2 protein chains.
Amino acid sequence: MESMANPADEVLRLDRQLCFPLYAASNILTRAYRPLLDQLGLTYPQYLVLLVLWERAPRAVGEIGQQLFLDTGTLTPLLKRMEAAGLVSRQRDPEDERRVIVSLTAKGSDLREAARAIPAKMAGRMGTDPELSLCEAQTLHETVWKLIRSLNLAV
Amino acid sequence: MESMANPADEVLRLDRQLCFPLYAASNILTRAYRPLLDQLGLTYPQYLVLLVLWERAPRAVGEIGQQLFLDTGTLTPLLKRMEAAGLVSRQRDPEDERRVIVSLTAKGSDLREAARAIPAKMAGRMGTDPELSLCEAQTLHETVWKLIRSLNLAV
DNA sequence: TCAAATAATATTGTGGGCAATGTAAAATGC
DNA sequence: GCATTTTACATTGCCCACAATATTATTTGA
């Protein structure tokens, strides 16, 4: 029978970890998005890439990676799948042949219409029983961003 | 040039999303754990499984999945890798042959000693410039858990 | 009692996520 | 001007994460 024989092990209790709920919430949120995004033929990271491109396109791969905190090992194959799906096009920058410019196709651009309904639908799912107030959501948003900045500086 | 031509697109701005910072924080945290866990030969999800087992072992696969919000498609191969690494053993429950009981080996149990230092080291990384106060961390912990419960009920 | 339903885990296939490494182009510096 | 360094992206290999499906064991109920 394993248990808290040593009081020093209190720090190892799952419910004392800050990182675990963030990890779990990320997985659960991605799962919650899936039925909505399936209808658009998107995965959650692909949806994030479109959010970035809908704000400004075209963009270099590196810029997208900076916005989303993802490296090229993740983005290159992901963008290729999006290209195969006809959502974006990828071409070398003639000004600087090291860079790859990602542009929206008409299909990728048009998808924004259908995507407008998603944030409200997701918000609806968080407004049930243990209701997350608007204020709490706001504070959560700010604190998580603060955590992100803190961790990024430390590295 | 894509941009906010339609004011309805405000809801699609990346910096308006609640889910994105949670997704990014989860990735960045896992990255931050890596150098610490590498020394123990663990990945972050494997570390979580050990946290669960250090609290109480042996446990059925399903119990571990419930604690961590992971399904067997994730856990079965992960536990097999942990078994191959000599950290746990897996055996069918003779009482109910459908269940698989996961136990800690001496090696898996002993790893707890070395793991005790990890939470403090991680806390140190969050205590830099845009410092996350203890109070903020506490509130963050509670709010994320509230979000998790809310999303889990909705599904 | 035994077929149907249910439960627990395993398998398959797809798509991330990232460290380490490779490749080629541009910038730097002497 | 040319070697060195740096930058940007691609590739490889390993490990998640999960939907869909399969497999085997238990439970249920007529």
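Chain letters run A, B, ... following the sequence lines, proteins first and then strands; every chain starts at 1. Given the structure is predicted, the values throughout are model-derived calculations rather than measurements.
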Give me the first and last nucleotide of DNA chain D, going 5' to 3', that has any atom under 4.0 Å from a heavy atom of chain B.
->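 With heavy atoms of chain B under 4.0 Å away, the range is D:dC15 to D:dT26.
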Set of salt bridge (Lys or Arg N to Asp or Glu O under 4.0 Å) partners for [X], sequence neighbours left out:
{"X": "B:Asp15", "answer": "B:Arg13"}
{"X": "A:Glu97", "answer": "none"}
{"X": "B:Arg16", "answer": "B:Glu10"}

Any residue meeting ring-ring contact (aromatic ring centres under 6.0 Å, His included) with A:Tyr44, in chain and number order, not counting sequence neighbours | A:Tyr33, B:Tyr23
Can any side-chain N or O of B:Thr105 pair as donor or acceptor with the backbone N or O of B:Gly108 at less than 3.5 Å?
-> yes
For [X], all residues meeting side chain to side chain contact (heavy atoms under 4.5 Å, CB included), sequence neighbours excluded:
{"X": "A:Gln91", "value": "A:Ser89, A:Ser103"}
{"X": "B:Gln138", "value": "B:Glu142"}
{"X": "A:Arg99", "value": "A:Ala60, A:Glu63, A:Asp93, A:Asp96, A:Ile101"}

Is there any protein nitrogen or oxygen under 3.5 Å from a nitrogen or oxygen in nucleotides 4-7 of chain C, and what are the pairs?
{"unit_1": "C:dA7", "atom_1": "O4'", "unit_2": "B:Arg98", "atom_2": "NH1", "d": "3.3"}

Which letters describe nucleotides 11-23 of chain C, given B = protein heavy atom under 4.0 Å from base, S = only from sugar-phosphate, - = neither?
-> B---SSBBB----
Under the salt bridge (charged side-chain N to carboxylate O under 4.0 Å, His left out) rule, what pairs show up with a residue in residues 75-84 of chain A, not counting sequence neighbours?
-> A:Glu83-A:Arg90
Contact list for residues 22-48 of chain A, test salt bridge (charged side-chain N to carboxylate O under 4.0 Å, His left out), sequence neighbours left out =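 For residues 22-48 of chain A: none.
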To the nearest Å, give me how far apart CD (B:Glu97) and C1' (C:dA8) are.
-> 12 Å
